[in-house]
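Here the structure comes first, spelled out in structure tokens, and everything after it is commentary.
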Amino acid sequence: MQVRLQTQNTYRGIVDCMVKTYRHESLLGFFKGMSFPIASIAVVNSVLFGVYSNTLLVLTATSHQERRAQPPSYTHVFIAGCTGGFLQAYCLAPFDLIKVRLQNQTEPRAQPGSPPPQYRGPVHCAASIFQEEGPRGLFRGAWALTLRDTPTLGIYFATYEWLCRQSTPDGQNPSSATVLVAGGFAGITSWVTATPLDVIKSRMQMAGLKQREYQGMLDCMVSSARQEGLGVFFRGLTINSARAFPVNAVTFLSYEYLLHSWG
Ligand SMILES: CN(C)C(=N)NCCC[C@H](N)C(=O)O
């Protein structure tokens, strides 16, 4: 839904987008382009959390266990988060591009007699982009994605650390409830700050297809704001924030659990 709201001007809001998707594409329309992002979550999160933990280890020279007694500074947490965000953006770029292209296909499933959709599935989508736009085509919008993820993942980890420390006595590990709430709010905070660049990223990824071609990111920002007003930068904010809470609550709980069980 969020990808369509950000890149297409045919919807009046979330409810209108849901109703039109259901009428035109049935329930299947809500699950388009989902298999690839699900497959990519494990890879992308391992890169993000692995780089974050190791950067923090280098910056503070303390292991995860020692960090409860000697908490890292927020500057170190922010730098480690930005480093993780920067590197994960490059792993995420091709998966995210395929998701955006598939989710923007509004044709119902292929039916006899009707023209087939441009992409028949994630593998066909990746192969078509590779053939038509070359290997660099798979990284379309990667710059906007990097600019979106580098600072916002710094904010993500700093918010998580701050919320955990506010509700945990010094030297103790945060409880599971604290981890869930802090992780959920860290997700929302990061998505609120990331949404303006998320809109630009999605539009750059669709450029030349349903979207007009842009000269670059700045051109995309200026022409989107001129044509649709500043509100365009907040499209998809409600959906992004609503999904961010449960997703990131569970992500941080799994991360803390794995770190404890590996000692
Ligand atoms: C671009 N932003 C804000 C983030 N990547 N934030 C971190 C959350 C990551 C999580 N997989 C999610 O999709 O919510």
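Only a predicted model underlies this, so the values are computations on that prediction, with no experimental measurement involved. Counting starts at 1 for both ligands and their atoms, in listed order. Residue indices begin at 1 and follow the sequence shown.
For residues 170-189, the ring-ring contact (aromatic ring centres under 6.0 Å, His included) pairs, not counting sequence neighbours, are F185-F245.
Within the 4.0 Å heavy-atom criterion, the part of Y156 lying near ligand 1 is the side chain and not the backbone. Of the heavy atoms in N248, only side-chain atoms (C-beta onward) come closer than 4.0 Å to ligand 1. At a heavy-atom distance under 4.0 Å, no atom of D198 approaches ligand 1. When heavy-atom distances to ligand 1 are checked against a 4.0 Å cut-off, A244 has no atom that comes that close, whether in backbone or side chain.
Near D149, with a cut-off below 4.0 Å to any heavy atom, the atoms of ligand 1 are 1 (C).
A salt bridge links E133 to R101: at least one charged side-chain nitrogen sits closer than 4.0 Å to a carboxylate oxygen.
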Under 3.5 Å donor-acceptor pairs involving side-chain atoms of residues 80-91, not counting sequence neighbours:
| from | atom 1 | to | atom 2 | distance (Å) |
| --- | --- | --- | --- | --- |
| T83 | OG1 | I79 | O | 2.7 |
| Q88 | NE2 | D149 | OD2 | 2.4 |

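The closest protein non-hydrogen atom to atom 6 (N) of ligand 1 is S190 OG, 3.2 Å. For atom 13 (O) of ligand 1, the closest heavy atom belonging to the protein is R243 NH2, 2.9 Å.
Here the rule is side chain to side chain contact (heavy atoms under 4.5 Å, CB included) with W191, and of D198, L237, I239 only D198 fits it.
Counting heavy atoms from C-beta on, the side chains of Y255 and Y52 come closer than 4.5 Å.
Considering CH2 of W143 and CD1 of I200, their distance stands at 16.0 Å, rounded to 0.5 Å.
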